[in-house]
Amino acid sequence: MNARFEGVCYAPANVLSIRSRLDFKKTHGLLISLLRDRGLMLFADIDQQAAAAHKGLSLRPTRVLLFGNPALGTPIMLSNPRAALELPLKVVIWETADGRTYLDYADPSEALRADYEISDALLAPLMAVRKLLCAFSDIQ
């Protein structure tokens, strides 16, 4: 595991971490709007904080968004049905103890290529998602 930013956490090499300049709630809303505006489908919005509270546990604001584009994901799963374990795409929005908000995106491209033998041609559209999330810091 590689340190991505000292004092906050560790993340695997395939995780893109972006610090938001907005608070948690605004970051969440803006990201959902951005995904939808780019034609991506939001499959789920999981409130991890609420789930923890339901069991009497405390967790800082944390939401996992499952999203994608079936027109792009379906050919990957047709190439190897087990690739569905990596899809849909996921991003987590989370807040640190001192109120900073981060977006983390686990890019599945390398795993899809190496573990599921998905061709580069089928994986190419995933780079657009990475670029979109990298651009998030410019549009906040």
- Would a distance-only check, ignoring hydrogens and angles, find a side-chain to backbone donor-acceptor pair under 3.5 Å from S79 to P75? no

Non-hydrogen atoms of [X] and [Y] that approach each other most closely:
X	Y	result
G39	N69	O-ND2, 4.2 Å
K90	Y105	O-CD1, 3.2 Å
A50	D47	N-OD1, 2.9 Å
G73	L87	O-CD1, 4.0 Å
L123	S109	CD1-O, 3.6 Å

Does the side chain of [Y] come within less than 4.5 Å of [X]'s, by heavy atoms?
X	Y	result
T62	I93	no
F43	P70	yes
R60	Q49	no
D45	I32	yes
S17	L103	no
L42	R36	yes
H28	L65	yes

Atom pair [atom1]/[atom2] of [X] and [Y] - distance to nearest 0.5 Å:
X	Y	atom1	atom2	answer
L112	R82	CG	CZ	14.0 Å
M77	L85	CE	CG	11.0 Å
I76	Y116	CD1	OH	12.0 Å
R63	L31	CZ	CG	11.5 Å
F67	L40	CZ	CG	6.5 Å
R19	R100	CZ	CZ	5.0 Å

Hey, any chance [X] and [Y] share a hydrophobic cluster, counting ILVMFWY side chains that come within less than 4.5 Å of each other, even indirectly?
X	Y	value
V91	L72	no
L22	I18	yes
F24	L59	no
M127	L35	no

- Return yes if a side-chain donor-acceptor contact under 3.5 Å exists between S20 and T27, otherwise no. yes

- Query: Relative to the ring of W94, is the ring of Y102 parallel (under 30°), tilted (30 to 60°) or perpendicular (over 60°)?
  - Reply: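 Judged by the thresholds at 30° and 60°, the geometry between Y102 and W94 is parallel.
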
- Item | side chain to side chain contact (heavy atoms under 4.5 Å, CB included) assessment of K26 paired with L30 | CA-CA 6 Å; K26 289 179 183 172; L30 180 60; over 6 Å; no

Give every donor-acceptor pair under 3.5 Å between a side-chain atom in residues 128-136 and any protein atom, sequence neighbours left out.
residue : atom : partner : partner atom : Å
R130    : NH1  : D107    : OD2          : 3.3

- Item | With sequence neighbours excluded, residues passing side chain to side chain donor-acceptor pair (under 3.5 Å) with E110 | R113

